[in-house]
Amino acid sequence: PRLSSLGPLRLQRLIDLQHLDGGGDGLRALVRKTLGRRLDKAEQRSDWSRRPLLESQLQYAALDAHCLLQILRVLKLTEHQLQSMELQLSNLQEIQLEPPPSGLQLPGIELRVGQVQQVHRISTSRHLTCCRINLGSTTKQLIQGGELVENQRVLVICNVFPREIHGHRSEAGLLVARTEGRKVAARPPQAAPLGEAVDGDRRYPTIDTSALDNPWIRVAKRLSTGKGAVLLDGKPLICAGEACSIDCDGGFFD
């Protein structure tokens, strides 16, 4: 059955595992560090719209919850430690499973206009670069494949889990399409100010891109490129009242 058929979910306790050592790098990294096991993500890109789901998909869907329980058992956290990681539920006694607010283009994705300040190659990688991105009121460092140059305007996914890549901290992601074996970064409208958000000044929870069903996976399926534009459901992605552009046609996002 669909979760929405169960009605409101009443939470008794909510623990934020990002406070664990290594928790900020996502569930896959936490499983590897804590349990010494590799979390198989082969089914993540399978067709989840098909019914009935395959047995392998059902098993994969249950892994996240199972892994969390195993991690807590191995760590044997004290009540004091759990309390320090506990999120306050005073204003969140019920979570209604409702569709996202109407009018949002990218629900769950904090996509903002940025500009590349610095770029340097990572010596331990053939194709990765370390970039410092200016977001107006703040900056973020990210690790990215493909060609980027200083002063290039980009679209930055600001609410992803930070990760350690080749000894460098990556704090965000870029909106990048793949086409013909290369990666091409999307461009915001020239008039859009640095820090401008595609869906207004909303703050979303941090995305664990290794999770089975996360906002980025849902949005990426709706994105494409054509006629020099980034397309969302076949229509131009809008920022500050204008279309976002990209130098490729037939590209896809993942």
Side-chain angles (χ1 to χ4, degrees), residues 16-27 29 85 87-88 91 100-101 103-122 125 128-177 183-211 214-220 223 230 232 237-246 253:
D16 186 0
L17 293 183
Q18 293 184 66
H19 293 292
L20 289 174
D21 182 20
D25 296 327
L27 181 59
M85 299 161 57
L87 297 179
Q88 296 300 314
N91 297 320
L104 296 184
Q105 297 181 92
L106 307 174
I109 306 296
E110 188 180 330
L111 190 66
R112 294 183 179 271
V113 176
Q115 186 173 40
V116 180
Q117 281 186 328
Q118 299 173 343
V119 183
H120 69 266
R121 291 281 182 181
I122 296 178
S125 172
L128 293 179
T129 57
C130 180
C131 309
R132 173 64 60 178
I133 308 295
N134 180 10
L135 291 161
S137 61
T138 186
T139 64
K140 283 185 178 290
Q141 178 173 286
L142 58 86
I143 310 303
Q144 182 65 43
E147 294 296 328
L148 291 174
V149 297
E150 290 184 4
N151 297 320
Q152 180 176 346
R153 285 167 61 83
V154 290
L155 287 165
V156 184
I157 306 171
C158 295
N159 61 321
V160 296
F161 271 121
R163 295 185 298 162
E164 196 80 14
I165 303 175
H166 284 266
H168 296 266
R169 184 175 174 84
S170 186
E171 303 169 322
L174 290 186
L175 189 63
V176 173
K183 295 181 179 180
V184 183
R187 292 191 305 272
Q190 191 60 37
L194 296 181
E196 178 81 5
V198 168
D199 277 329
D201 197 21
R202 290 179 172 83
R203 300 288 179 176
Y204 290 110
T206 307
I207 300 170
D208 179 2
T209 54
S210 68
N214 65 67
W216 171 245
I217 289 178
R218 295 192 291 271
V219 165
L223 291 169
V230 179
L232 178 70
L237 179 67
I238 302 299
C239 178
E242 298 181 46
C244 300
S245 57
I246 193 167
F253 297 80

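Computed from a predicted structure; not experimentally measured. For this chain, numbers begin at 1 and follow the sequence in order.
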Rounded distance [0.5 Å steps], [atom1] in [X] versus [atom2] in [Y]:
{"X": "L142", "Y": "H168", "atom1": "CG", "atom2": "NE2", "result": "12.5 Å"}
{"X": "R218", "Y": "L223", "atom1": "CZ", "atom2": "CG", "result": "13.5 Å"}
{"X": "D208", "Y": "W216", "atom1": "CG", "atom2": "CH2", "result": "15.0 Å"}
{"X": "C131", "Y": "H120", "atom1": "SG", "atom2": "NE2", "result": "8.5 Å"}
{"X": "H166", "Y": "S125", "atom1": "NE2", "atom2": "OG", "result": "4.5 Å"}
{"X": "I157", "Y": "Y204", "atom1": "CD1", "atom2": "OH", "result": "13.0 Å"}

Query raised in the report: Between V149 and V119, which heavy-atom pair has the shortest distance, and what is it?
Result: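 Heavy atoms of V149 and V119 come nearest at C-CG2, 4.2 Å.
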
Query - Minimal non-hydrogen separation, P189 against C239, with atom names - result: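 Reported closest heavy-atom pair: CG-O, 3.2 Å.
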
Report task. Identify the residue among L237, V230, L175 that makes a side-chain contact (heavy atoms from CB on, under 4.5 Å) with I246. Result ->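 With I246 as partner, side-chain contact (heavy atoms from CB on, under 4.5 Å) holds for just one option, V230.
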
Ignoring hydrogens and geometry, is there a side-chain-to-backbone donor-acceptor pair from [X] to [Y] under 3.5 Å?
{"X": "N159", "Y": "G108", "value": "yes"}
{"X": "Q115", "Y": "L194", "value": "no"}
{"X": "Q105", "Y": "I238", "value": "yes"}

Query - Where at least one partner belongs to residues 144-160, residue pairs that pass salt bridge (Lys or Arg N to Asp or Glu O under 4.0 Å), sequence neighbours excluded - result: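 Found R121-E147.
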
Student check: side-chain heavy atoms of [X] and [Y] closer than 4.5 Å:
{"X": "D199", "Y": "I109", "answer": "no"}
{"X": "S170", "Y": "P162", "answer": "no"}
{"X": "R112", "Y": "K140", "answer": "no"}
{"X": "V113", "Y": "L155", "answer": "yes"}

Report task. Quick one: list whatever passes side-chain contact (heavy atoms from CB on, under 4.5 Å) with A185, sequence neighbours left out. Result ->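 With sequence neighbours excluded, A185 shows a side-chain contact (heavy atoms from CB on, under 4.5 Å) to L148, Q152, V154, V176, given in chain and number order.
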
Requested in this report: Evaluate side chain to side chain contact (heavy atoms under 4.5 Å, CB included) for T139 paired with I133, printing each intermediate quantity in order.
Outcome: CA-CA 5 Å; T139 64; I133 308 295; over 6 Å; no

Query raised in the report: Does atom CD of Q118 have more than 12 heavy-atom neighbours from other groups under 6.0 Å away?
Result: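 No, the 6.0 Å shell around CD holds no more than 12 heavy atoms from other groups.
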
